[in-house]
Amino acid sequence: CCIDEFDKMDDKDQVAIHEAMEQQTISIAKAGIQATLNARASILAAANPMDGRYDRRKTLKQNLNLTPAIMSRFDLFFVVLDEQDERTDLAI
């Protein structure tokens with residue numbers, strides 16, 4: 001599963017995906033029927049820093065608008081930085 005703009009996801013959606021990430025199940029209650037389905041999947045998510053630019057003086061948590069509970073579900077974090085250099089940008 002690939003999710004872009006993970007940081008802009010509604011809180012209720014983050015809570016819903018938390019079950020899938022932690023328990024590897026999805027609970028469904030519809031029309032009086034309750035079921036729990038297996039949800040074994042890998043999640044690749046992308047998020048933007050809060051102020052539009054990653055601040056190296058801050059921690060990863062301070063740069064992202066994600067709860068500690070959600071962040072703890074990910075095994076790896078990769079920070080991709082775009083260094084501001086007009087000469088390099090023009091060469092590309």
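Excluded from the calculations below are hydrogen atoms, water molecules and symmetry mates; all remaining heavy atoms, backbone and side chain alike, are included. Computed from a predicted model, the values in this text were never measured in an experiment.
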Practice item. Using a 4.5 Å cut-off on heavy atoms from C-beta on, say whether the side chain of Arg53 contacts that of Gln84. Key: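 Yes - at least one pair of side-chain heavy atoms lies under 4.5 Å apart.
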Check your understanding: Just wondering, do Thr36 and Ile26 contact through their side chains at under 4.5 Å, heavy atoms?
Key ->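 Sidechains of Thr36 and Ile26: no contact.
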Practice item. Can you sort out the partners of Ser42 under side-chain contact (heavy atoms from CB on, under 4.5 Å), two or more places apart, ordered by chain and number? Key: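 Partners of Ser42 by the side-chain contact (heavy atoms from CB on, under 4.5 Å) criterion come out as none, since no residue qualifies.
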Taking everything shown except [X] itself, do over 12 heavy atoms lie less than 6.0 Å from its [atom1]?
{"X": "Asp11", "atom1": "CG", "result": "no"}
{"X": "Lys8", "atom1": "NZ", "result": "yes"}
{"X": "Gln34", "atom1": "CD", "result": "no"}

Exercise for review: Using atom types as modelled and distance alone, determine if a side-chain donor or acceptor of Asp7 lies under 3.5 Å from a backbone N or O of Asn48.
Suggested key: yes
Point to revise | Donor-acceptor pair, side chain of Gln23 and main chain of Ala20, under 3.5 angstrom | key: no
Check your understanding: What's the spacing between Thr67 OG1 and Arg73 CZ if we round to 0.5 Å?
Key ->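 Here the interatomic distance stands at 10.5 Å.
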Check your understanding: With sequence neighbours left out, what residues match Thr25 under side chain to side chain donor-acceptor pair (under 3.5 Å)?
Key ->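 Thr25: side chain to side chain donor-acceptor pair (under 3.5 Å) contacts with Glu19.
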**Study point:** Lys61: salt bridge (Lys or Arg N to Asp or Glu O under 4.0 Å) partners, not counting sequence neighbours
**Key:**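 Partners of Lys61 under the salt bridge (Lys or Arg N to Asp or Glu O under 4.0 Å) test: none.
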Point to revise | salt bridge (Lys or Arg N to Asp or Glu O under 4.0 Å) partners for Asp55, two or more places apart | key: Arg57
Review point. Apart from Ile70 itself, which Ile, Leu, Val, Met, Phe, Trp or Tyr residues share its cluster (side-chain heavy atoms under 4.5 Å, direct or through members)?
Key: Ile3, Phe6, Met9, Ile17, Met21, Ile43, Tyr54, Leu60, Leu64, Leu66, Met71, Phe74, Phe77, Val79, Leu81
Check your understanding: So which pairs with a foot in residues 74-87 pass salt bridge (charged side-chain N to carboxylate O under 4.0 Å, His left out), sequence neighbours left out?
Key -> Arg56-Glu83
